[in-house]
There are 2 protein chains.
Amino acid sequence: MKRNQTAYVILGILAIHDNQSGYEIRRTIQQTVGFFWGESFGQIYPTLKKLAADGLIVPSKSTSAPRPRRQEYSITAAGLACLQEWLAVPYRDDPPRDEFLLKLFFGDKAAPSVSIAHIRKFQEKHRRLLDTLLEVEGLARVHSSHYPGFPFWMLTLTFGVAQLRSALEWSEAALAMLSSTEVGIDPKTASPQPPANTADKP
Amino acid sequence: MKRNQTAYVILGILAIHDNQSGYEIRRTIQQTVGFFWGESFGQIYPTLKKLAADGLIVPSKSTSAPRPRRQEYSITAAGLACLQEWLAVPYRDDPPRDEFLLKLFFGDKAAPSVSIAHIRKFQEKHRRLLDTLLEVEGLARVHSSHYPGFPFWMLTLTFGVAQLRSALEWSEAALAMLSSTEVGIDPKTASPQPPANTADKP
DNA sequence: ACACACATGTAATTGGTTACATGATTTC
DNA sequence: GAAATCATGTAACCAATTACATGTGTGT
(Lines give C-alpha, C1' and ligand atoms only; values in the text may rest on other atoms or scores of the structure.)
Protein backbone atom coordinates (compact mmCIF):
# COMPACT_ATOMS: atom_id res chain seq x y z
CA MET A 1 0.00 0.00 0.00
CA LYS A 2 1.31 3.43 -0.91
CA ARG A 3 1.95 5.84 1.92
CA ASN A 4 3.50 9.20 2.30
CA GLN A 5 7.15 9.46 3.19
CA THR A 6 6.43 10.58 6.72
CA ALA A 7 4.95 7.18 7.48
CA TYR A 8 8.17 5.43 6.57
CA VAL A 9 10.39 7.71 8.60
CA ILE A 10 8.20 7.03 11.59
CA LEU A 11 8.32 3.29 10.99
CA GLY A 12 12.06 3.41 10.56
CA ILE A 13 12.61 5.42 13.70
CA LEU A 14 10.36 3.10 15.71
CA ALA A 15 12.15 0.11 14.20
CA ILE A 16 15.37 1.46 15.67
CA HIS A 17 13.87 2.38 19.01
CA ASP A 18 10.41 1.43 20.22
CA ASN A 19 8.06 3.18 22.61
CA GLN A 20 8.35 6.72 21.48
CA SER A 21 5.69 9.40 21.49
CA GLY A 22 5.03 11.72 18.58
CA TYR A 23 6.98 14.39 20.32
CA GLU A 24 9.94 12.12 20.90
CA ILE A 25 9.84 10.76 17.39
CA ARG A 26 10.17 14.24 16.04
CA ARG A 27 13.12 14.99 18.26
CA THR A 28 14.77 11.72 17.34
CA ILE A 29 14.32 12.56 13.66
CA GLN A 30 15.97 15.94 14.18
CA GLN A 31 18.86 14.44 16.05
CA THR A 32 19.59 11.59 13.68
CA VAL A 33 18.46 12.29 10.13
CA GLY A 34 17.77 15.96 10.71
CA PHE A 35 20.49 17.16 8.40
CA PHE A 36 18.79 15.62 5.39
CA TRP A 37 15.20 15.13 6.55
CA GLY A 38 12.63 17.31 8.28
CA GLU A 39 9.24 16.55 9.76
CA SER A 40 6.61 18.77 11.36
CA PHE A 41 4.08 17.91 14.05
CA GLY A 42 1.28 18.73 11.67
CA GLN A 43 2.42 15.77 9.66
CA ILE A 44 3.53 13.41 12.41
CA TYR A 45 0.42 13.21 14.58
CA PRO A 46 -2.11 12.48 11.83
CA THR A 47 0.27 9.93 10.31
CA LEU A 48 0.65 8.25 13.68
CA LYS A 49 -3.12 7.84 13.88
CA LYS A 50 -3.27 6.38 10.40
CA LEU A 51 -0.45 3.94 11.04
CA ALA A 52 -2.13 2.81 14.24
CA ALA A 53 -5.46 2.40 12.46
CA ASP A 54 -3.74 0.17 9.92
CA GLY A 55 -2.02 -1.91 12.55
CA LEU A 56 1.51 -0.98 11.54
CA ILE A 57 2.15 0.49 14.95
CA VAL A 58 0.40 0.04 18.29
CA PRO A 59 -0.18 2.46 21.11
CA SER A 60 1.79 1.18 24.07
CA LYS A 61 1.70 1.98 27.77
CA SER A 62 4.17 4.62 28.78
CA THR A 63 7.31 2.99 30.12
CA SER A 64 8.08 5.76 32.56
CA ALA A 65 6.54 8.44 34.73
CA PRO A 66 3.12 9.93 34.00
CA ARG A 67 4.29 13.05 32.26
CA PRO A 68 1.63 15.18 30.57
CA ARG A 69 -0.79 12.93 28.78
CA ARG A 70 1.23 11.25 26.10
CA GLN A 71 0.90 8.30 23.82
CA GLU A 72 3.84 6.07 22.98
CA TYR A 73 3.90 3.74 20.05
CA SER A 74 5.65 0.55 19.05
CA ILE A 75 6.13 -0.93 15.63
CA THR A 76 4.32 -4.19 14.81
CA ALA A 77 5.44 -7.11 12.66
CA ALA A 78 3.23 -5.75 9.89
CA GLY A 79 4.87 -2.37 10.32
CA LEU A 80 8.34 -3.81 10.01
CA ALA A 81 7.28 -5.72 6.90
CA CYS A 82 5.88 -2.52 5.44
CA LEU A 83 9.12 -0.71 6.15
CA GLN A 84 11.18 -3.44 4.54
CA GLU A 85 8.96 -3.49 1.50
CA TRP A 86 9.45 0.23 1.11
CA LEU A 87 13.19 -0.05 1.61
CA ALA A 88 13.40 -2.51 -1.27
CA VAL A 89 11.81 -0.25 -3.87
CA PRO A 90 14.20 2.12 -5.66
CA TYR A 91 14.37 5.50 -4.02
CA ARG A 92 12.61 8.26 -5.88
CA ASP A 93 14.52 11.44 -6.28
CA ASP A 94 12.20 14.34 -6.47
CA PRO A 95 13.49 17.22 -8.54
CA PRO A 96 15.66 19.30 -6.27
CA ARG A 97 15.01 22.97 -5.69
CA ASP A 98 17.85 25.05 -4.41
CA GLU A 99 16.98 28.69 -3.97
CA PHE A 100 20.56 29.55 -3.10
CA LEU A 101 21.81 28.34 -6.47
CA LEU A 102 18.90 29.98 -8.21
CA LYS A 103 19.67 33.38 -6.77
CA LEU A 104 23.32 32.86 -7.56
CA PHE A 105 22.48 31.94 -11.14
CA PHE A 106 20.69 35.25 -11.58
CA GLY A 107 23.50 37.03 -9.77
CA ASP A 108 24.32 39.45 -12.55
CA LYS A 109 20.89 41.06 -12.21
CA ALA A 110 21.88 42.45 -8.83
CA ALA A 111 24.91 44.09 -7.28
CA PRO A 112 27.84 41.72 -6.65
CA SER A 113 27.46 42.36 -2.93
CA VAL A 114 24.14 40.56 -3.07
CA SER A 115 25.67 37.33 -4.34
CA ILE A 116 28.56 37.69 -1.95
CA ALA A 117 26.12 37.97 0.94
CA HIS A 118 24.33 34.83 -0.21
CA ILE A 119 27.57 32.91 -0.34
CA ARG A 120 28.61 34.12 3.08
CA LYS A 121 25.36 32.96 4.57
CA PHE A 122 25.84 29.69 2.75
CA GLN A 123 29.33 29.37 4.21
CA GLU A 124 28.23 30.06 7.75
CA LYS A 125 25.38 27.59 7.57
CA HIS A 126 27.60 24.93 6.15
CA ARG A 127 30.42 25.52 8.59
CA ARG A 128 28.08 25.25 11.53
CA LEU A 129 26.49 22.11 10.17
CA LEU A 130 29.88 20.57 9.48
CA ASP A 131 30.92 21.21 13.06
CA THR A 132 27.88 19.52 14.53
CA LEU A 133 28.15 16.65 12.08
CA LEU A 134 31.74 16.00 13.03
CA GLU A 135 30.80 16.17 16.67
CA VAL A 136 27.98 13.72 16.13
CA GLU A 137 30.31 11.44 14.23
CA GLY A 138 32.69 11.37 17.15
CA LEU A 139 29.94 10.65 19.64
CA ALA A 140 28.44 7.96 17.45
CA ARG A 141 31.78 6.17 17.15
CA VAL A 142 32.02 6.05 20.92
CA HIS A 143 28.43 5.29 21.88
CA SER A 144 26.76 3.55 18.99
CA SER A 145 29.39 1.46 17.25
CA HIS A 146 27.86 -1.82 18.38
CA TYR A 147 24.41 -1.25 16.94
CA PRO A 148 23.61 -3.05 13.69
CA GLY A 149 22.53 0.22 12.16
CA PHE A 150 25.84 1.89 12.95
CA PRO A 151 27.60 1.34 9.62
CA PHE A 152 24.64 2.84 7.80
CA TRP A 153 24.42 5.79 10.15
CA MET A 154 28.09 6.43 9.51
CA LEU A 155 27.54 6.20 5.80
CA THR A 156 25.02 9.02 5.87
CA LEU A 157 27.30 11.02 8.15
CA THR A 158 30.38 10.64 5.98
CA PHE A 159 28.29 11.56 2.99
CA GLY A 160 27.14 14.72 4.69
CA VAL A 161 30.65 15.61 5.76
CA ALA A 162 32.05 15.06 2.29
CA GLN A 163 29.36 17.16 0.67
CA LEU A 164 29.79 19.95 3.18
CA ARG A 165 33.55 20.04 2.80
CA SER A 166 33.28 20.16 -0.95
CA ALA A 167 30.68 22.91 -0.73
CA LEU A 168 32.85 24.96 1.61
CA GLU A 169 35.88 24.57 -0.62
CA TRP A 170 33.82 25.73 -3.55
CA SER A 171 32.48 28.67 -1.61
CA GLU A 172 35.99 29.95 -0.93
CA ALA A 173 36.82 29.87 -4.59
CA ALA A 174 33.49 31.45 -5.41
CA LEU A 175 34.09 34.34 -3.03
CA ALA A 176 37.58 34.85 -4.35
CA MET A 177 36.17 34.94 -7.83
CA LEU A 178 33.46 37.46 -7.02
CA SER A 179 35.86 39.67 -5.08
CA SER A 180 38.27 39.91 -7.96
CA THR A 181 37.61 42.66 -10.48
CA GLU A 182 36.33 40.09 -12.93
CA VAL A 183 32.78 40.61 -11.79
CA GLY A 184 33.22 43.12 -9.07
CA ILE A 185 32.00 46.30 -10.67
CA ASP A 186 28.63 47.63 -9.75
CA PRO A 187 26.36 47.61 -12.80
CA LYS A 188 25.07 51.00 -11.65
CA THR A 189 28.41 52.80 -11.68
CA ALA A 190 29.95 51.93 -14.98
CA SER A 191 30.18 49.37 -17.73
CA PRO A 192 33.18 47.21 -16.92
CA GLN A 193 33.68 45.25 -20.11
CA PRO A 194 32.02 44.82 -23.48
CA PRO A 195 28.43 46.13 -23.62
CA ALA A 196 27.12 42.56 -23.83
CA ASN A 197 23.38 42.79 -23.44
CA THR A 198 20.86 40.16 -22.47
CA ALA A 199 19.93 39.17 -25.94
CA ASP A 200 20.64 35.52 -26.49
CA LYS A 201 20.36 32.27 -24.69
CA PRO A 202 23.27 30.19 -23.50
CA MET B 1 4.71 41.46 -2.69
CA LYS B 2 5.29 37.82 -1.88
CA ARG B 3 5.13 35.38 -4.75
CA ASN B 4 5.81 31.75 -5.21
CA GLN B 5 9.23 30.71 -6.36
CA THR B 6 8.07 29.82 -9.83
CA ALA B 7 7.35 33.48 -10.50
CA TYR B 8 10.95 34.43 -9.84
CA VAL B 9 12.44 31.72 -11.99
CA ILE B 10 10.27 32.92 -14.83
CA LEU B 11 11.26 36.52 -14.26
CA GLY B 12 14.92 35.54 -14.08
CA ILE B 13 14.78 33.50 -17.25
CA LEU B 14 12.99 36.28 -19.11
CA ALA B 15 15.51 38.78 -17.76
CA ILE B 16 18.24 36.75 -19.42
CA HIS B 17 16.35 36.21 -22.62
CA ASP B 18 13.13 37.93 -23.62
CA ASN B 19 10.29 36.79 -25.83
CA GLN B 20 9.85 33.24 -24.71
CA SER B 21 6.65 31.24 -24.54
CA GLY B 22 5.69 29.09 -21.57
CA TYR B 23 6.87 26.06 -23.42
CA GLU B 24 10.22 27.62 -24.21
CA ILE B 25 10.66 28.94 -20.70
CA ARG B 26 10.28 25.47 -19.36
CA ARG B 27 12.84 24.08 -21.77
CA THR B 28 15.24 26.90 -20.97
CA ILE B 29 14.86 26.15 -17.29
CA GLN B 30 15.66 22.50 -17.88
CA GLN B 31 18.68 23.32 -19.97
CA THR B 32 20.19 25.88 -17.65
CA VAL B 33 19.14 25.46 -14.02
CA GLY B 34 17.58 22.04 -14.54
CA PHE B 35 20.11 20.23 -12.41
CA PHE B 36 19.01 22.10 -9.31
CA TRP B 37 15.58 23.39 -10.22
CA GLY B 38 12.47 21.85 -11.78
CA GLU B 39 9.27 23.38 -13.03
CA SER B 40 6.12 21.83 -14.44
CA PHE B 41 3.67 23.25 -16.97
CA GLY B 42 0.91 23.08 -14.41
CA GLN B 43 2.84 25.69 -12.49
CA ILE B 44 4.24 27.75 -15.33
CA TYR B 45 1.12 28.65 -17.29
CA PRO B 46 -0.97 29.92 -14.37
CA THR B 47 2.00 31.86 -13.03
CA LEU B 48 2.54 33.43 -16.43
CA LYS B 49 -1.05 34.69 -16.37
CA LYS B 50 -0.64 36.10 -12.90
CA LEU B 51 2.61 37.85 -13.73
CA ALA B 52 1.03 39.37 -16.81
CA ALA B 53 -2.01 40.51 -14.82
CA ASP B 54 0.34 42.26 -12.40
CA GLY B 55 2.30 43.93 -15.16
CA LEU B 56 5.58 42.22 -14.37
CA ILE B 57 5.67 40.64 -17.82
CA VAL B 58 3.85 41.52 -21.02
CA PRO B 59 2.56 39.30 -23.80
CA SER B 60 4.56 40.14 -26.88
CA LYS B 61 4.04 39.40 -30.55
CA SER B 62 5.81 36.30 -31.74
CA THR B 63 9.13 37.22 -33.26
CA SER B 64 9.13 34.39 -35.76
CA ALA B 65 6.95 32.08 -37.80
CA PRO B 66 3.33 31.37 -36.90
CA ARG B 67 3.88 28.09 -35.16
CA PRO B 68 0.90 26.60 -33.33
CA ARG B 69 -0.85 29.30 -31.40
CA ARG B 70 1.60 30.49 -28.83
CA GLN B 71 2.12 33.41 -26.55
CA GLU B 72 5.50 34.91 -25.91
CA TYR B 73 6.30 37.15 -23.00
CA SER B 74 8.78 39.86 -22.14
CA ILE B 75 9.80 41.17 -18.77
CA THR B 76 8.84 44.75 -17.86
CA ALA B 77 10.73 47.32 -15.81
CA ALA B 78 8.47 46.47 -12.89
CA GLY B 79 9.25 42.81 -13.40
CA LEU B 80 12.97 43.43 -13.32
CA ALA B 81 12.59 45.50 -10.18
CA CYS B 82 10.61 42.69 -8.58
CA LEU B 83 13.29 40.20 -9.51
CA GLN B 84 16.02 42.37 -8.06
CA GLU B 85 14.09 42.89 -4.87
CA TRP B 86 13.75 39.15 -4.48
CA LEU B 87 17.42 38.59 -5.25
CA ALA B 88 18.38 40.91 -2.41
CA VAL B 89 16.50 39.02 0.30
CA PRO B 90 18.42 36.17 1.93
CA TYR B 91 17.69 32.84 0.32
CA ARG B 92 15.49 30.55 2.31
CA ASP B 93 16.64 27.00 2.57
CA ASP B 94 13.70 24.74 2.96
CA PRO B 95 14.42 21.63 4.96
CA PRO B 96 15.92 19.12 2.58
CA ARG B 97 14.44 15.70 2.07
CA ASP B 98 16.64 13.05 0.61
CA GLU B 99 14.94 9.70 0.26
CA PHE B 100 18.16 8.06 -0.83
CA LEU B 101 19.88 8.93 2.42
CA LEU B 102 16.80 7.98 4.38
CA LYS B 103 16.69 4.49 2.92
CA LEU B 104 20.40 4.17 3.45
CA PHE B 105 20.04 5.23 7.07
CA PHE B 106 17.57 2.40 7.66
CA GLY B 107 19.78 0.03 5.67
CA ASP B 108 20.20 -2.51 8.43
CA LYS B 109 16.50 -3.30 8.35
CA ALA B 110 16.89 -4.85 4.91
CA ALA B 111 19.36 -7.13 3.17
CA PRO B 112 22.69 -5.48 2.32
CA SER B 113 21.93 -6.00 -1.36
CA VAL B 114 19.11 -3.49 -1.02
CA SER B 115 21.42 -0.71 0.10
CA ILE B 116 23.98 -1.69 -2.49
CA ALA B 117 21.33 -1.40 -5.18
CA HIS B 118 20.39 2.06 -3.96
CA ILE B 119 23.99 3.20 -4.07
CA ARG B 120 24.48 1.80 -7.56
CA LYS B 121 21.46 3.69 -8.82
CA PHE B 122 22.81 6.75 -7.07
CA GLN B 123 26.17 6.28 -8.79
CA GLU B 124 24.69 5.89 -12.23
CA LYS B 125 22.47 8.93 -11.84
CA HIS B 126 25.36 11.02 -10.63
CA ARG B 127 27.78 9.82 -13.27
CA ARG B 128 25.32 10.65 -16.02
CA LEU B 129 24.62 14.05 -14.57
CA LEU B 130 28.31 14.78 -14.16
CA ASP B 131 28.88 13.95 -17.81
CA THR B 132 26.18 16.29 -19.02
CA LEU B 133 27.29 19.02 -16.66
CA LEU B 134 30.85 18.84 -17.90
CA GLU B 135 29.56 18.93 -21.44
CA VAL B 136 27.43 21.96 -20.68
CA GLU B 137 30.37 23.61 -19.01
CA GLY B 138 32.48 23.17 -22.12
CA LEU B 139 29.77 24.52 -24.37
CA ALA B 140 29.15 27.48 -22.10
CA ARG B 141 32.83 28.42 -22.08
CA VAL B 142 32.80 28.52 -25.84
CA HIS B 143 29.44 30.13 -26.52
CA SER B 144 28.45 32.19 -23.53
CA SER B 145 31.62 33.57 -22.02
CA HIS B 146 30.79 37.12 -23.08
CA TYR B 147 27.43 37.37 -21.34
CA PRO B 148 27.32 39.27 -18.07
CA GLY B 149 25.67 36.30 -16.43
CA PHE B 150 28.43 33.92 -17.46
CA PRO B 151 30.52 34.04 -14.26
CA PHE B 152 27.44 33.22 -12.22
CA TRP B 153 26.39 30.42 -14.51
CA MET B 154 29.85 28.96 -14.15
CA LEU B 155 29.63 29.26 -10.40
CA THR B 156 26.54 27.09 -10.28
CA LEU B 157 28.12 24.65 -12.70
CA THR B 158 31.36 24.28 -10.78
CA PHE B 159 29.33 23.84 -7.64
CA GLY B 160 27.36 21.04 -9.22
CA VAL B 161 30.48 19.39 -10.56
CA ALA B 162 32.24 19.57 -7.20
CA GLN B 163 29.26 18.12 -5.36
CA LEU B 164 28.83 15.34 -7.88
CA ARG B 165 32.50 14.37 -7.78
CA SER B 166 32.49 14.30 -4.01
CA ALA B 167 29.32 12.22 -4.01
CA LEU B 168 30.79 9.76 -6.49
CA GLU B 169 33.97 9.41 -4.48
CA TRP B 170 31.92 8.74 -1.39
CA SER B 171 29.80 6.19 -3.21
CA GLU B 172 32.87 4.15 -4.13
CA ALA B 173 33.97 4.00 -0.53
CA ALA B 174 30.43 3.21 0.54
CA LEU B 175 30.17 0.29 -1.87
CA ALA B 176 33.53 -1.02 -0.78
CA MET B 177 32.39 -0.80 2.80
CA LEU B 178 29.12 -2.63 2.20
CA SER B 179 30.78 -5.31 0.11
CA SER B 180 33.21 -6.19 2.86
CA THR B 181 31.95 -8.49 5.59
CA GLU B 182 31.93 -5.59 8.02
CA VAL B 183 28.21 -5.19 7.74
CA GLY B 184 26.47 -7.93 9.64
CA ILE B 185 24.20 -10.52 8.06
CA ASP B 186 21.52 -10.15 10.67
CA PRO B 187 18.50 -8.20 9.41
CA LYS B 188 16.43 -9.67 12.22
CA THR B 189 18.34 -8.06 15.06
CA ALA B 190 16.75 -4.81 16.06
CA SER B 191 18.83 -2.12 17.69
CA PRO B 192 17.53 -0.87 21.00
CA GLN B 193 18.60 2.74 20.75
CA PRO B 194 19.18 5.50 18.26
CA PRO B 195 22.65 7.01 18.05
CA ALA B 196 23.52 9.65 20.58
CA ASN B 197 23.33 12.93 18.86
CA THR B 198 23.00 16.63 19.27
CA ALA B 199 22.40 17.80 15.74
CA ASP B 200 19.91 20.59 15.71
CA LYS B 201 18.33 23.02 13.37
CA PRO B 202 18.79 26.71 14.07
C1' DA C 1 -1.04 7.85 -42.21
C1' DC C 2 1.24 8.08 -38.21
C1' DA C 3 4.21 9.62 -34.83
C1' DC C 4 6.45 13.14 -32.60
C1' DA C 5 7.52 17.62 -31.00
C1' DC C 6 5.24 21.93 -30.26
C1' DA C 7 1.91 24.35 -27.47
C1' DT C 8 -1.58 25.71 -23.84
C1' DG C 9 -4.36 25.06 -20.39
C1' DT C 10 -7.44 23.04 -16.25
C1' DA C 11 -8.82 19.94 -12.43
C1' DA C 12 -7.85 16.73 -8.98
C1' DT C 13 -4.95 15.49 -5.66
C1' DT C 14 -1.09 15.41 -2.64
C1' DG C 15 2.03 16.42 0.54
C1' DG C 16 3.31 19.47 3.33
C1' DT C 17 4.00 23.87 6.45
C1' DT C 18 2.20 27.27 9.61
C1' DA C 19 -0.63 28.97 12.81
C1' DC C 20 -3.66 28.15 16.18
C1' DA C 21 -5.72 26.01 20.46
C1' DT C 22 -5.02 23.67 24.62
C1' DG C 23 -3.08 22.05 28.62
C1' DA C 24 0.44 19.61 32.04
C1' DT C 25 4.95 19.55 34.37
C1' DT C 26 9.24 21.38 35.63
C1' DT C 27 12.34 24.95 36.88
C1' DC C 28 13.71 29.43 38.23
C1' DG D 1 3.85 32.81 39.63
C1' DA D 2 6.18 33.21 35.25
C1' DA D 3 8.59 30.97 31.76
C1' DA D 4 10.22 27.09 29.40
C1' DT D 5 9.58 22.64 27.85
C1' DC D 6 6.71 18.75 27.19
C1' DA D 7 2.76 17.16 24.71
C1' DT D 8 -1.15 16.57 21.32
C1' DG D 9 -3.95 17.89 18.02
C1' DT D 10 -6.71 20.60 14.17
C1' DA D 11 -7.64 23.91 10.51
C1' DA D 12 -6.22 26.87 6.95
C1' DC D 13 -3.54 27.34 3.48
C1' DC D 14 -0.27 26.57 -0.36
C1' DA D 15 2.91 25.15 -3.70
C1' DA D 16 3.43 21.88 -6.76
C1' DT D 17 2.77 17.47 -9.35
C1' DT D 18 -0.01 14.61 -12.23
C1' DA D 19 -3.27 13.55 -15.23
C1' DC D 20 -6.27 15.01 -18.41
C1' DA D 21 -8.07 17.54 -22.54
C1' DT D 22 -7.14 19.65 -26.81
C1' DG D 23 -5.08 20.96 -30.85
C1' DT D 24 -1.20 22.31 -34.61
C1' DG D 25 2.87 21.71 -37.47
C1' DT D 26 6.72 18.77 -39.14
C1' DG D 27 8.98 14.82 -40.72
C1' DT D 28 8.92 9.99 -42.28
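Within every chain, numbering begins at 1; the chains are lettered A, B, ... in the order of the sequence lines, protein sequences first and strands thereafter. Only this structure's heavy atoms are used, side chains among them; waters, hydrogens and symmetry mates stay out.
Listed by chain and number, the residues in a side chain to side chain donor-acceptor pair (under 3.5 Å) with A:W170 are B:T158 (sequence neighbours excluded). When the salt bridge (charged side-chain N to carboxylate O under 4.0 Å, His left out) test is applied to B:R127, the partners found at least two apart in sequence or on another chain are B:E172.
Note on B:G42: a base of the nucleic acid sits closer than 4.0 angstrom, heavy atoms only.
Judged by a 6.0 Å distance limit and a 45° cone about the ring axis, A:R70 is not positioned over the six-membered ring of A:Y23.
You'll find that the side chain of B:K49 is closest to C:dG9, out of C:dT8, D:dA16, C:dG9. When distances are taken from the side chain of A:R27 to each of D:dA7, D:dA16, C:dA7, the shortest belongs to D:dA7. Counting only heavy atoms from C-beta on, A:Y45 has its side chain closest to D:dA7 among D:dA7, C:dT10, D:dA16. Side-chain proximity of A:S40 to the nucleotides D:dT18, C:dT17, C:dG9 is greatest for C:dT17. When each of D:dA16, D:dT17, C:dG9 is scored by its nearest atom to the side-chain atoms of A:P95, the top-ranked nucleotide is D:dT17. Of the candidate nucleotides C:dT8, D:dC6, C:dG15, C:dT8 has the atom lying nearest to any side-chain atom of B:Y23.
Between A:Q5 atom CD and D:dA16 atom C1' there is a gap of 14 Å when expressed in whole angstrom units. Atom CG in B:D94 sits roughly 17 Å away from atom P in D:dC14 (whole-Å rounding). Rounded to whole Å, atom P of C:dA5 lies 14 Å from atom CD of B:Q31. Put simply, CD on B:Q71 is 19 Å from P on C:dC6, counting in whole angstrom units. In this structure, the CZ atom of A:F41 is 17 Å from the C1' atom of D:dA11, given to the nearest Å. Between the CD atom of B:Q30 and the P atom of C:dC6 there is a distance of 11 Å, given to the nearest Å. Taking atom CG of residue B:N19 and atom P of nucleotide C:dA7, one finds them 14 Å apart after rounding to whole Å. One can place CG of B:D93 at 15 Å from C1' of C:dT17, the figure rounded to the nearest angstrom.
No side-chain heavy atom of B:F105 sits less than 4.5 Å from a side-chain heavy atom of A:W37.
Using bins of under 30°, 30° to 60° and over 60° for the plane-to-plane angle, the ring pair B:W86/B:Y8 lands in the parallel bin.
Distances shown here put every side-chain N or O of A:T6 at or beyond 4.0 Å from the OP1 or OP2 atom of C:dG15.
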